Amino acid sequence: MLMLAGLVGLAAAWIMSGSGSGRYLVIAPWGASRADAINLVRAADGGLVGMGRLSNIIIAGSTRRISRRRCARRGPGA
């Protein structure tokens, strides 16, 4: 539980930093496979930069902002 709280805190700090690094922390729905997470990012015109320990967490890279709306609209199964 403490590790989850730390992960959420790091994610929030990274998001709020406002840096234009072009890298995004992507957390796919619980139970999603690594392939599902990568396909979600690729559907939103992003690319894989790194992987987390859990299969549903990856770091994506994109020259454009990856929005939740674009992922939902063009994501797997759409």
Side-chain angles (χ1 to χ4, degrees):
M1 187 64 151
L2 184 59
M3 188 171 81
L4 179 62
L7 178 63
V8 170
L10 284 173
W14 188 22
I15 290 169
M16 294 176 145
S17 70
S19 65
S21 69
R23 293 184 178 179
Y24 301 91
L25 175 65
V26 177
I27 303 174
W30 186 257
S33 68
R34 181 149 307 184
D36 291 338
I38 293 170
N39 288 336
L40 182 69
V41 170
R42 287 196 176 150
D45 299 329
L48 179 67
V49 173
M51 296 179 276
R53 286 189 178 215
L54 299 175
S55 64
N56 65 326
I57 298 177
I58 61 172
I59 299 173
S62 178
T63 56
R64 298 178 0 178
R65 181 178 168 93
I66 297 176
S67 71
R68 194 182 285 171
R69 180 177 295 141
R70 195 164 67 188
C71 286
R73 184 175 20 133
R74 298 178 59 191

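Quick caveat: nothing in here was measured; it's all calculated off a predicted structure. Keep in mind that the numbers below use all heavy atoms, side chains included, and drop hydrogens, waters and symmetry copies.
- Taking every heavy atom of both residues into account, Val41 and Ala60 meet most closely at CG1-CB, 3.4 Å.
- The main-chain N or O of Ser33 is found under 3.5 Å from a side-chain atom of Asp36 such that the two form a donor-acceptor pair.
- At least one donor-acceptor pair under 3.5 Å links the side chain of Arg34 to the backbone N or O of Leu54.
- By the side-chain hydrogen bond (donor to acceptor under 3.5 Å, both in side chains) test, Ser55 is found to be paired with no residue, residues two or more places apart in sequence or in another chain being considered.
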